[in-house]
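Encoded as structure tokens, the structure appears first; notes follow it.
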Protein chains: 2
Amino acid sequence: MKTDTVFKRAFNDALDLIAEWPVGETLPSENALATQLRVSRTTVRKVMAELSARSVIGGGGRQRIVSPAYTKTDRFPEVETVAMSDQVEKRFMEWMLRDNARPGTAINELELARRFGVATTSIREFLNRFQRFGLIERRPAGGWVLAGFTTGFALELFEIREMFELRSARDFVALPAHSLLWRKLEALREDHITLLREIDSRFHDFSDLDSRFHRLVNSASPNRFIDSFYDVITMIFHYHYQWNKHDERQRNEVAIREHLTFIDALISRDMEAVEAACWGHLASAKETLLRATSEQGMFAEAK
Amino acid sequence: MKTDTVFKRAFNDALDLIAEWPVGETLPSENALATQLRVSRTTVRKVMAELSARSVIGGGGRQRIVSPAYTKTDRFPEVETVAMSDQVEKRFMEWMLRDNARPGTAINELELARRFGVATTSIREFLNRFQRFGLIERRPAGGWVLAGFTTGFALELFEIREMFELRSARDFVALPAHSLLWRKLEALREDHITLLREIDSRFHDFSDLDSRFHRLVNSASPNRFIDSFYDVITMIFHYHYQWNKHDERQRNEVAIREHLTFIDALISRDMEAVEAACWGHLASAKETLLRATSEQGMFAEAK
DNA sequence: AAATTGTATCTTATAGAAAAAAGACAAGCT
DNA sequence: AGCTTGTCTTTTTTCTATAAGATACAATTT
């Protein structure tokens, strides 16, 4: 049976919406709400029904209003709003990075299913999708082995990343002056400066900025295989940022400055400066990731 | 319920084995057979039981012999020996390349399941695994769209391929003289010459040789992301060779000669010659693929 | 008439089950 | 003692079923 995480997330979002809606005003139409909450009308109606049942809203048909007797009602807990597939990914990464899982370990679908409390179907689906990230491998006999987040993995990742990033930077510099991307780069530059100013409180926001920057550079000459490779990087860095808290603020500040050097080099169209900035940034990103792989015990290479 | 394609293939293989076994001699042990037939003992026993039931073999326990009264028995048809997942892939490629399917088409799991006569689970599994090839894309809402085997796809594919191949060729040339790979290259060179001599009858065998050559070049400095990318190329060329019969013999002969030029350049360690040979070969491979994409109507770009 | 809601249908995500195949262990043979 | 076979257990593959959610169409309101 499908989980109702979509409904629960929409319900919570609807509560936020209602909190700012004048009591007595009729609510937007179902279609409008569907667009705002990014779900189908079917789900909107289910949310409205639940809100009615909890007397958060009153009136029926096209006269739905925020109930005058509106009292705070319980939101659904966050965990229940994230899709099963995302939860499986998260749990798997935890299992791989936190628990014992050494490279070479056989992956047992049934055991993972039991451990995560989901059906085997969900595990299979996850493994099939996750395969492309290169952290697991299919055995010819059937079944999977953990390739693991090893030093070798990080080195291979960065070898490709260097090729792609340099190629994209070159194409970016060759962009015509009137290209929209220059303006986007300009905007992103501002975002960097803003974040740098507020680094002490907002250093967590760097992860997202990082991904946006590199994807913008790549968008100069789109290539689906490069985009797809960036999904790997995004995933790795997502978990890396999430778990490696050591020196986080400091690391991010350095990276922002490197980005700015890179951006300025791009704007100057000086390809030599671009290459230098690109190498510099990648070298330090690589070093950070490699340090993480050896700092934590479970990252040791198995052979 | 799982299909018994493994059993059926093993059964057919066992028949081949028995055809060359002296009547009256006791057969190899179950373990030995399991290794030879590349299945588990469980399956070997099932095969033996079936062979017994059909009186192809006689005696029991460790005294199994080819029955003196052995008569030819029906093999299982080829189709029943290929795994469901492989069949789904084949049918999907047919649907995409032969039938109507235009890029941008929404992919309907249920419809495909009905069309292919399998459960939706099999379709889902296929789509999840197949995603990495870049021919389909997941929609945020859920569901899939066909990206399709378009000209754009081929161009993007070759952009990456050029980067990877050149990089690997460079690393290959830098290999120490005593490396095992030089000998493997030498052997592969011989295989090329042999095939060239028998090209008129064996031109179909080129597909496999092509894949072996390029994977050997890449093995000079292994990188899982490059290997994974080669899976895409192998898959594409597999279907391309299978369906584009036009000028096949001629095309393959040209490609073999290009490979030989490439190989000789590698052996000479002359990086300039290597680059030239590499570019030359890739340019012609690209042209072939691009011509295929425009020759056949369904490859037209949709926008 | 256009937008909105009500209703029915189709599609996807997930569970659960069962057969096939692999693997583990015990017993038997040489 | 080391293979070999018999038996039992575990794991993977594949099917069917069902609730959640999306989409299409009909009815209704303004």
Side-chain angles (χ1 to χ4, degrees), chain A residues 1-10 26-34 37-49 60-64 83-88 106-114 117-128 138-144, chain B residues 1-10 26-34 37-49 60-64 83-85 87-88 106-114 117-128 138-139 141-144:
Chain A
M1 186 179 69
K2 217 173 170 177
T3 54
D4 56 357
T5 54
V6 172
F7 160 70
K8 285 174 176 166
R9 185 190 54 71
T26 63
L27 287 163
S29 76
E30 292 177 354
N31 267 317
L33 286 169
L37 300 173
R38 295 186 312 284
V39 291
S40 74
R41 255 189 67 223
T42 307
T43 305
V44 168
R45 305 190 98 235
K46 202 173 158 192
V47 168
M48 292 296 124
R62 45 204 88 191
Q63 289 302 320
R64 270 191 295 264
M84 174 69 54
S85 51
D86 292 340
Q87 274 182 301
V88 170
I107 294 169
N108 186 322
E109 293 180 7
L110 217 69
E111 196 205 311
L112 284 185
R114 276 193 296 255
V118 297
T120 50
T121 328
S122 303
I123 300 290
R124 274 190 129 243
E125 170 142 354
F126 165 74
L127 293 173
N128 279 316
R138 206 193 234 315
R139 271 188 311 186
W144 304 83
Chain B
M1 187 180 71
K2 214 174 173 177
T3 54
D4 56 356
T5 53
V6 172
F7 160 70
K8 286 175 176 165
R9 185 190 55 70
T26 63
L27 287 163
S29 77
E30 291 177 356
N31 267 316
L33 285 170
L37 300 173
R38 296 186 311 284
V39 291
S40 72
R41 254 190 67 222
T42 307
T43 304
V44 168
R45 304 191 100 234
K46 203 174 155 190
V47 168
M48 291 298 124
R62 47 202 86 187
Q63 289 302 320
R64 271 193 293 263
M84 174 69 54
S85 51
Q87 274 183 301
V88 169
I107 293 169
N108 186 321
E109 293 180 6
L110 217 69
E111 196 204 311
L112 283 185
R114 276 192 294 254
V118 297
T120 50
T121 327
S122 302
I123 300 290
R124 271 186 134 247
E125 170 142 355
F126 165 74
L127 293 173
N128 278 317
R138 205 193 234 314
R139 270 188 311 188
W144 305 82

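Naming convention: chains lettered A, B, ... in sequence-line order (proteins, then strands); numbering from 1 in each chain.
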Choose from [options] the nucleotide whose nearest atom is closest to any side-chain atom of [X].
X: A:Ala119; options: C:dA15, D:dT14, C:dT7; answer: C:dA15
X: A:Ser122; options: C:dT14, D:dT14, D:dA20; answer: C:dT14
X: B:Ser29; options: D:dT5, D:dG21, C:dA15; answer: D:dT5

Comparing B:Thr5 with A:Thr5, nearest DNA chain D nucleotide closer to 5' gives the residue B:Thr5
Walking DNA chain D from its 5' end, the first of B:Gly117 and A:Arg38 to be reached, judged by nearest nucleotide, is B:Gly117
Give the rounded distance in Å between these two atoms: [atom1] of [X] and [atom2] of [N].
X: B:Leu33; N: D:dC3; atom1: CG; atom2: P; result: 17 Å
X: B:Asp4; N: C:dA22; atom1: CG; atom2: P; result: 12 Å
X: A:Met48; N: C:dT5; atom1: CE; atom2: P; result: 10 Å
X: A:Glu125; N: C:dT12; atom1: CD; atom2: C1'; result: 10 Å
X: B:Arg64; N: C:dC29; atom1: CZ; atom2: P; result: 15 Å
X: A:Met84; N: C:dT14; atom1: CE; atom2: P; result: 6 Å
X: A:Asn31; N: D:dA24; atom1: CG; atom2: C1'; result: 13 Å
X: A:Glu30; N: D:dG21; atom1: CD; atom2: P; result: 16 Å

Quick one, A:Thr42 with A:Phe7, criterion side-chain contact (heavy atoms from CB on, under 4.5 Å). Give me CA distance, side-chain angles, the key distance, then yes/no.
CA-CA 10 Å; A:Thr42 307; A:Phe7 160 70; over 6 Å; no
Side chains of B:Leu37 and B:Arg9, heavy atoms from C-beta outward: is any pair under 4.5 Å?
no
Contact between A:Val88 and A:Glu125 at the side-chain level, heavy atoms closer than 4.5 Å - yes or no?
no
Tell me if a side-chain donor or acceptor on B:Asn108 pairs with a main-chain N or O of B:Glu111 at a distance below 3.5 Å.
yes
If I compare all heavy atoms of A:Met84 with all of A:Ser122, which pair ends up nearest, and what's the gap?
CG-OG, 4.0 Å
Closer than 4.0 Å, any side-chain N/O of [X] to the OP1 or OP2 of [N]?
X: B:Thr120; N: D:dT16; result: no
X: B:Arg139; N: C:dT12; result: no
X: B:Thr121; N: D:dT14; result: no

What I want to check is whether an N or O donor and acceptor connect the side chain of A:Arg41 with the base of C:dG6 at under 3.5 Å.
yes
Specify the residue among B:Thr3 and B:Arg138 whose closest nucleotide of DNA chain C lies further upstream toward the 5′ end.
B:Arg138
Assess whether a salt bridge exists between A:Arg114 and A:Glu109, defined as any Lys/Arg side-chain N lying under 4.0 Å from an Asp/Glu carboxylate O.
no
Report, one pair per line, the protein and nucleotides 8-11 of chain D atoms (nitrogen or oxygen only) whose separation is under 3.5 Å.
unit_1	atom_1	unit_2	atom_2	d
D:dT11	OP1	A:Asn108	ND2	2.6
D:dT11	O5'	A:Asn108	ND2	3.4

To the nearest 0.5 Å, how far apart are CG in B:Asp4 and NZ in B:Lys46?
5.0 Å
CZ-OG1 distance between B:Arg64 and B:Thr26, expressed to the nearest 0.5 angstrom:
10.0 Å
